[in-house]
*Asks:* 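Here it is: the structure, laid out below.
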Amino acid sequence: MPQYWLFKTEPDEYSIDDLAREGECLWEGIRNYQARNRLRDEVEVGDLVFIYHSSCAVPAVVGLAEVTATGCVDDAQFNAQSPYYDSKSTREAPRWVTVRVRYREHLPNAITLKDIKSRKSFTDMELVTRARLSIQHVSQKEADELLKQGK
DNA sequence: GCCAACGTTGGC
DNA sequence: GCCAACGTTGGC
């Protein structure tokens with residue numbers, strides 16, 4: 001059984017439309033250990049990912065993607081020009097690993113953070129209880145409800 | 001732009 | 001290993 005996740009992204013930086021255009025991308029720039037640990041240890045090929053737009057006018061779950069590869073080194077950590085540069089990471093022991101995702105679909109009805117906060121079925125979502133974590137687990141029940149609301 | 005909540009760093 | 005100081009996230 002594939003698991004469900006929710007990945008946050010700032011649409012000004014990289015939006016679901018960018019992902020749709022590219023088809024597939026490396027989910028780079030995660031620089032938080034809990035999020036990294038999930039990407040490294042828990043996320044599996046075939047898992048489904050809700051794409052969430054944060055730090056924007058209407059924060060919302062906007063679409064779906066699927067994981068196509070795991071254990072990918074995030075090369076931005078070695079690039080001194082990148083905002084994601086990490087001077088303490090080495091090629092021998094890269095600190096930041098991530099996954100690749102493939103675009104699946106936009107949800108016709110984006111589910112806003114406001115919706116999520118106001119609906120009982122979503123009150124246990126990590127979006128509510130652990131708002132800052134950028135790689136969030138979504139239960140089967142929450143996923144079913146998100147898909148129902150989103151169509 | 002503010003600020004609450006949370007994550008990280010570094011001195012001890 | 002504690003914790004104060006500091007930095008970042010992200011909704012509003």
Side-chain angles (χ1 to χ4, degrees), chain A residues 3-22 25-43 47-67 70-101 103-139 141-151:
Chain A
Q3 304 184 87
Y4 286 94
W5 301 94
L6 180 148
F7 288 7
K8 285 197 275 187
T9 185
E10 298 186 15
D12 291 347
E13 296 293 319
Y14 193 84
S15 74
I16 181 102
D17 295 333
D18 295 319
L19 179 60
R21 199 174 310 121
E22 292 181 8
C25 80
L26 183 74
W27 204 257
E28 66 173 13
I30 301 297
R31 296 291 179 271
N32 165 282
Y33 288 104
Q34 278 190 323
R36 189 278 315 267
N37 292 348
R38 286 182 166 188
L39 289 170
R40 188 187 60 190
D41 306 333
E42 298 180 46
V43 177
D47 284 355
L48 294 165
V49 177
F50 288 98
I51 302 296
Y52 175 81
H53 282 171
S54 67
S55 293
C56 56
V58 185
V61 177
V62 292
L64 262 186
E66 76 177 280
V67 178
T70 58
C72 309
V73 172
D74 182 346
D75 281 329
Q77 69 197 296
F78 306 122
N79 176 4
Q81 260 47 260
S82 168
Y84 304 127
Y85 179 61
D86 183 347
S87 60
K88 295 188 184 135
S89 187
T90 63
R91 293 262 177 200
E92 294 68 40
R95 183 179 282 183
W96 306 107
V97 294
T98 186
V99 304
R100 293 185 66 83
V101 299
Y103 172 76
R104 282 198 116 180
E105 61 184 331
H106 281 65
L107 290 172
N109 296 305
I111 304 134
T112 65
L113 181 62
K114 198 164 160 248
D115 291 339
I116 286 167
K117 284 183 168 171
S118 68
R119 290 191 156 271
K120 242 205 206 122
S121 41
F122 294 136
T123 50
D124 292 332
M125 278 191 73
E126 289 191 322
L127 209 49
V128 180
T129 63
R130 309 185 59 190
R132 287 185 51 178
L133 188 58
S134 56
I135 303 295
Q136 303 190 349
H137 187 60
V138 175
S139 72
K141 214 173 112 194
E142 290 159 355
D144 289 345
E145 193 65 23
L146 284 174
L147 290 169
K148 195 171 123 196
Q149 299 292 324
K151 299 283 173 176

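Naming convention: chains lettered A, B, ... in sequence-line order (proteins, then strands); numbering from 1 in each chain.
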*Asks:* Identify which one of Tyr33(A), Tyr84(A), Phe78(A) satisfies the ring-ring contact (aromatic ring centres under 6.0 Å, His included) criterion when paired with Trp96(A).
*Replies:* Tyr33(A)
*Asks:* 5'-most contact on DNA chain B: Lys88(A) or Ala131(A), nearest heavy atom basis?
*Replies:* Ala131(A)
*Asks:* If you take any heavy atom closer than 4.0 Å to DNA chain C, which residues from residues 112-123 of chain A end up in contact?
*Replies:* Leu113(A), Lys117(A)
*Asks:* Rounded to whole angstrom units, what separation is found between the CG atom of Asn37(A) and the P atom of dG7(B)?
*Replies:* 13 Å
*Asks:* Which pair of heavy atoms, one from Asp74(A) and one from Ile30(A), lies closest together, and at what distance?
*Replies:* OD2-N, 4.3 Å
*Asks:* Could you tell me the separation between the CD atom of Glu10(A) and the P atom of dT8(C), rounded to a whole number of Å?
*Replies:* 13 Å
*Asks:* Roughly, in whole Å, what's the span from CD1 in Ile30(A) to P in dT8(C)?
*Replies:* 16 Å
*Asks:* Between side-chain atoms of residues 53-66 of chain A and protein atoms elsewhere (two or more places apart, or another chain), which donor-acceptor pairs fall under 3.5 Å?
*Replies:*
residue  : atom : partner   : partner atom : Å
His53(A) : NE2  : Ile16(A)  : N            : 3.1
Glu66(A) : OE2  : Arg104(A) : NE           : 3.4

*Asks:* Between Glu105(A) and Lys151(A), is there a side-chain heavy-atom distance shorter than 4.5 Å?
*Replies:* yes
*Asks:* With a 3.5 Å distance limit and no angle check, can you tell me whether Lys8(A) reaches the backbone of Leu127(A) through a side-chain donor-acceptor pair?
*Replies:* no
*Asks:* Return the value, rounded to whole Å, for the distance between atom CG of Leu133(A) and atom C1' of dA5(B).
*Replies:* 13 Å
*Asks:* Donor-acceptor pair, distance only, cut-off 3.5 Å: does the side chain of Asp115(A) make one with the backbone of Thr112(A)?
*Replies:* yes
*Asks:* For the pair made of CD in Glu13(A) and P in dG10(C), what is the distance, rounded to whole Å?
*Replies:* 12 Å
*Asks:* Check this for me, if you would: do Arg21(A) and Asp18(A) make a salt bridge, where the nitrogen-to-carboxylate-oxygen distance has to be below 4.0 angstrom?
*Replies:* yes
*Asks:* Using whole Å, what does the distance between atom P of nucleotide dT8(C) and atom CG of Asp86(A) come to?
*Replies:* 13 Å
*Asks:* Mind running a 4.0 Å heavy-atom check of residues 47-61 of chain A against DNA chain C and sending the residues that fall below it, in number order?
*Replies:* Tyr52(A), Ser54(A), Ser55(A), Pro59(A)
*Asks:* What's the NZ-P distance between Lys8(A) and dG11(C), to the nearest Å?
*Replies:* 7 Å
*Asks:* Do the ring planes of Trp27(A) and Phe7(A) sit parallel (below 30°), tilted (30 to 60°) or perpendicular (above 60°)?
*Replies:* tilted
*Asks:* For the side chain of Glu28(A) and the backbone of Ala76(A), is there at least one donor-acceptor N/O pair under 3.5 Å apart?
*Replies:* no
*Asks:* To the nearest Å, how far apart are Arg132(A) CZ and dG7(B) C1'?
*Replies:* 6 Å
